[in-house]
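Note: hydrogens, waters and symmetry copies are ignored here, and every other heavy atom, side chains too, is used. Convention: sequence-line order gives letters A, B, ...; per-chain numbering from 1.
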Amino acid sequence: MPEGPSIVIIKEKMQQLKLEGKKVLAVAGNTTIDKEKLVGQKLVAFKSWGKHLLISFKDRTLRIHFLMFGTYLINETKKTPLRLSLHFKDTDLNFYTCAPALIEGDPDEHYDWAADILSPEWDEKAALKKLKALPDTLVCDVLLDQEIFSGVGNIIKNEVLYRIKVHPACTIGSLPPAKLKALVKEASAYSYDFLKWKKAGTLKKNWLVYNKKMCGRCDLPIHKKTMGKTKRGTFFCSNCQKQY
DNA sequence: AAGGATGTTGCCTG
DNA sequence: TCAGGCAACATCCT
């Protein structure tokens with residue numbers, strides 16, 4: 001489920017249900033949030049911010065984070081324990097193994113839309129500015145920082161670094177300005193490709209480095225290492241990706 | 001077929 | 001006191 005583009009796909013699917021203006025008639029599930037607060041509320045809109053699916057109501061917003069294994073079903077159920085369901089007149093939204101949260105008030109006060117790599121408000125300059133404040137941070141860690149690159153996950157991280165030919169262990173401060181710019185640009189550009197390929201069912205086919213054994217550019221082996229503070233699996237070609 | 005993974009939180013330990 | 005380690009969540013892929 002997890003990276004930003006997958007959440008956009010869920011959002012778009014739910015937007016097609018025409019639930020805007022409809023009231024929540026009942027809720028269920030083992031979530032610890034005060035779900036009763038949603039009963040009687042009129043749905044205003046489905047939104048997303050990075051890996052967060054947002055279902056907004058007049059006075060509050062329901063945030064769903066799918067983590068690694070979260071799933072959802074529309075008008076269907078399955079055996080695993082129901083985390084949260086929203087029952088509308090003709091529609092049930094059922095969420096499993098996810099982390100729901102209630103955000104009181106206006107979501108604009110909680111979310112920096114300029115940080116979302118798939119938002120029309122994504123702001124490259126703002127991202128650059130945030131990056132420059134972290135000269136000692138590894139580029140493989142910074143890409144996973146949701147305050148800077150909201151929606152980027154481990155696949156996007158690896159593919160972006162391969163695309164811009166930067167070794168994952170470089171620090172931000174060591175990168176030439178052109179590479180910093182490319183980093184910011186590709187974080188969003190690759191995410192749109194990810195979205196397009198995921199919709200077409202061709203995502204895996206288009207991976208160049210993630211889970212790959214050989215580099216398609218130079219025919220040398222792709223290395224896999226756990227790297228950075230984030231300790232995530234990192235794939236790279238030590239020949240094609242430069243260490244600055 | 002066992003083990004790791006597209007993620008994050010929160011508890012435990014030193 | 002706080003940072004790091006690590007389990008938990010449940011499913012799918014290799």
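Interatomic distance, CG of A:Asp123 versus CG of A:Asp116, reported as 12.0 Å (0.5 Å rounding). Separating the CD1 atom in A:Ile33 from the CZ atom in A:Arg63 is a distance of 9.5 Å, to the nearest 0.5 Å. How far NZ of A:Lys212 is from CZ of A:Phe235: 11.0 Å, rounded to the nearest 0.5 Å.
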Strictly under 3.5 Å: I want the nitrogen or oxygen pairs between protein and nucleotides 8-11 of chain C, one per line.
from: C:dT11; atom 1: OP1; to: A:Lys78; atom 2: NZ; distance (Å): 3.4
from: C:dT11; atom 1: OP1; to: A:Thr80; atom 2: OG1; distance (Å): 3.4

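Annotation: B:dA1 and C:dC9 have their P atoms spaced 25 Å apart (nearest Å). Remark: the separation of the C1' atoms in B:dT6 and C:dG4 is 24 Å, to the nearest Å.
We find that NZ of A:Lys204 is positioned 11 Å from P of C:dC12, with the value rounded to whole Å. Summarising the geometry, the separation between CD on A:Glu3 and C1' on B:dA5 is reported as 11 Å, rounded to the nearest angstrom. Atom C1' of nucleotide B:dT6 and atom CG of A:Leu195 are separated by 15 Å, given to the nearest angstrom. Distance NE2 (A:His65) to P (B:dG10): 12 Å, rounded to an integer number of Å. The distance from atom CZ of A:Phe194 to atom P of B:dT6 is 11 Å, rounded to the nearest whole Å. Summarising the geometry, the separation between CG on A:Leu144 and C1' on B:dT8 is reported as 12 Å, rounded to the nearest angstrom. Rounded to whole Å, the distance from CZ on A:Phe149 to C1' on B:dT6 is 18 Å. For the pair A:Phe66 CZ and B:dT9 P, the interatomic distance rounds to 15 Å; values are reported in whole Å.
For A:Arg232 and B:dA5, the shortest distance from a side-chain N or O to OP1 or OP2 is not below 4.0 Å. A sub-4.0 Å separation between OP1 or OP2 of B:dT8 and a side-chain N or O of A:Lys51 is present. For C:dT14, neither phosphate oxygen OP1 nor OP2 lies less than 4.0 angstrom from any side-chain nitrogen or oxygen of A:Lys212.
At a threshold of 4.0 angstrom between heavy atoms, the contacts of A:Lys229 with the nucleic acid are absent. The residue A:Glu159 sits apart from the nucleic acid: no heavy atom pair falls under 4.0 Å. Within the nucleic acid shown, A:Lys231 comes within 4.0 Å of sugar-phosphate atoms alone, with no base atom in reach, counting heavy atoms only.
Taking the charged nitrogens against the carboxylate oxygens, A:Arg60 and A:Asp34 have no contact shorter than 4.0 Å, which rules out a salt bridge.
Tested against A:Thr234, the residues A:Lys157, A:His223, A:Lys224 include a single side chain to side chain donor-acceptor pair (under 3.5 Å) partner, A:Lys157.
Applying the Watson-Crick and G-U wobble criteria (two distances, each under 3.5 Å), B:dT6 pairs with nothing in any strand.
Between A:Trp49 and A:Asp112, the side chains place no donor N or O within less than 3.5 Å of an acceptor N or O (distance only, hydrogens not considered).
For the pair A:Lys78 and A:Tyr96, the cation-pi criterion (under 6.0 Å, within 45° of the ring axis) is fulfilled.
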